[in-house]
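A quick write-up on the structure given underneath.
Since the structure is predicted, the reported quantities are computational estimates derived from the model, not experimental observations.
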Amino acid sequence: GKKHFEMMGRGLIDSSLLWFGSRRRIESMLELKGWEHFEHAEAAGKSVIFHTAHWTGMEFSATAIGFFKTGYGVYNPLKNPVVDALVHRSRTRFGHRLIARLDGPRAMIRVLKKREFLYIVSDEDLGERNSEFAPFLGATKATLAIPARLAGMTHAVVLPMAPIYDERKKKYITRILPPIEGLGENGPAADARLLNQPLEQLVAETPEQYMWTLKLFKTQPNGENIYAKRG
């Protein structure tokens, strides 16, 4: 509804601060909750996968984390070279590095085996070949299998997270949830459900801040097109 588009507009305008704003100004609009989950994983000698989704303030979570620890984000270059350069600048200004998704799982495995963290936007629809179908927000979602596969290969901890704008505080609060338990125990379909559940929880709390306008449900079983049905 209207509130969603207001939050999208705010996120776009505020993102310009990540491109050009001072560190002090940016820090003043960020808050991080649940960082202890990362610290516990690090103390146990584990690498970490931050498992997130498309939020209206999605650019702010990586920056908030970067003020405590730098790591790697998985990145899809954008078609517009000017916008791509600005987004790349905002994501690397404070020490983070980027891995192109086209570099594939090997590059991600190398990062995790060095016990560094990886930041993955996990709700992208990359087609049936790279996904498992699982429930998500009342629909069937082609859910990326890579976070669970990487965790299985590297024994990494998967921490769900979301940047939520708090209108009272006028801050983007990045919430990190406890590790997802049970990945790898009951097969890929069960893993997909486990990955989706905490993201559903976060969306349910602030649905207006989830980017519903993206076609994140495009791939469906049997080639069904739910967007065509909606006109």
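- Checked against side chain to side chain contact (heavy atoms under 4.5 Å, CB included), Ser16 has the following partners two or more places apart in sequence or in another chain: Trp19.
- For Phe67, the ring-ring contact (aromatic ring centres under 6.0 Å, His included) partners two or more places apart in sequence, or in a different chain, are Phe94.
- Ionic pairing of Arg24 and Glu27 is not present here: no N-O contact between side-chain nitrogen and carboxylate oxygen is shorter than 4.0 angstrom.
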Next item on the list: Assess whether side-chain hydrogen bond (donor to acceptor under 3.5 Å, both in side chains) is satisfied between Tyr172 and Thr63, documenting all intermediate values.
Entry: CA-CA 11 Å; Tyr172 289 90; Thr63 302; over 6 Å; no

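- Looking only at side-chain heavy atoms (C-beta outward), Leu159 and Pro179 come within less than 4.5 Å of each other.
- Applying the side chain to side chain donor-acceptor pair (under 3.5 Å) rule to Thr174 yields no partners; only residues at least two apart in sequence or on another chain are considered.
- Across Phe60 and Ser15, no two heavy atoms sit closer than the pair CZ-N, 3.9 Å.
- Classified by interplanar angle (parallel below 30°, tilted 30° to 60°, perpendicular above 60°), the ring pair Trp55/Tyr210 is perpendicular.
- With sequence neighbours left out, the side chain to side chain contact (heavy atoms under 4.5 Å, CB included) criterion links Leu12 to no other residue.
- In this structure, Glu208 CD and Met8 CE are separated by 13.0 Å, a value rounded to the nearest 0.5 Å.
- Applying the salt bridge (charged side-chain N to carboxylate O under 4.0 Å, His left out) rule to pairs touching residues 173-189 yields Arg175-Glu205, sequence neighbours excluded.
- Ion pairing of Lys3 with Glu167 is present here, as a side-chain N (NZ or NE/NH1/NH2) and a carboxylate O approach within less than 4.0 Å.
- Applying the ring-ring contact (aromatic ring centres under 6.0 Å, His included) criterion to Phe50, with sequence neighbours excluded, gives Phe38, Phe117.
- For residues 118-142, every residue pair satisfying the salt bridge (charged side-chain N to carboxylate O under 4.0 Å, His left out) rule, not counting sequence neighbours, is listed here: Arg101-Glu124.
- Between Glu116 and Thr70, the closest heavy-atom pair is OE1-O, 4.3 Å.
- Side-chain contact between His37 and Leu177 is absent, with no heavy-atom pair separated by less than 4.5 Å.
- With rounding to the nearest 0.5 angstrom, the CD1 atom of Ile26 is 5.0 Å from the CG atom of Leu18.
- The side chain to side chain donor-acceptor pair (under 3.5 Å) check on Arg25 picks up Ser28, with sequence neighbours excluded.
- Rounding to the nearest 0.5 Å places CE of Met29 at 4.0 Å from CG of Asp14.
- Closest heavy-atom contact between Pro163 and Met58: CG-CA, 3.7 Å.
- Proximity of Thr56 to Arg10: side-chain heavy atoms (C-beta onward) are nowhere separated by under 4.5 Å.
- Criterion: ILVMFWY side-chain heavy atoms under 4.5 Å apart, direct or through other members. Under it, Leu202 and Trp35 are part of a common hydrophobic cluster.
- Thr213 OG1 to His4 NE2: the interatomic distance, rounded to the nearest 0.5 Å, is 4.0 Å.
- Under the 4.5 angstrom side-chain criterion for Ile, Leu, Val, Met, Phe, Trp and Tyr, the cluster partners of Ile99 are Ile49, Tyr72, Val74, Met108, Ile109, Val111, Leu112, Leu118, Ile120, Leu126, Leu144, Ile146, Leu150, Met153, Val158, Ile180, Leu183, Leu194, Leu195.
- Taking all atoms of both residues into account, the shortest heavy-atom contact from Met161 to Ser61 is CE-CB, 3.1 Å.
- Heavy atoms of other residues, nucleotides or ligands lying less than 6.0 angstrom from CZ of Arg23 number more than 12.
- Residues forming a side chain to side chain donor-acceptor pair (under 3.5 Å) with Lys113 (at least two apart in sequence, or on another chain): none.
- Scanning both residues, His96 and Gly71, for their nearest heavy atoms gives ND1-N, 3.1 Å.
- Taking hydrophobic clusters as Ile, Leu, Val, Met, Phe, Trp and Tyr residues chained together by side-chain heavy-atom distances below 4.5 Å, Phe68 shares a cluster with Val157.
- The two residues Pro178 and Pro160 come nearest to each other via the heavy atoms O-CD, 3.4 Å.
- With sequence neighbours left out, the salt bridge (charged side-chain N to carboxylate O under 4.0 Å, His left out) criterion links Lys169 to Glu31.
- A distance of 11.5 Å separates OG1 in Thr140 from CG in Leu137, rounded to the nearest 0.5 Å.
- The closest side-chain heavy-atom distance from Tyr165 to Thr206 is not below 4.5 Å.
- Contacts classified as salt bridge (charged side-chain N to carboxylate O under 4.0 Å, His left out) and involving residues 37-66 (residues at least two apart or in different chains) are given here: Glu42-Lys69, Glu59-Arg91.
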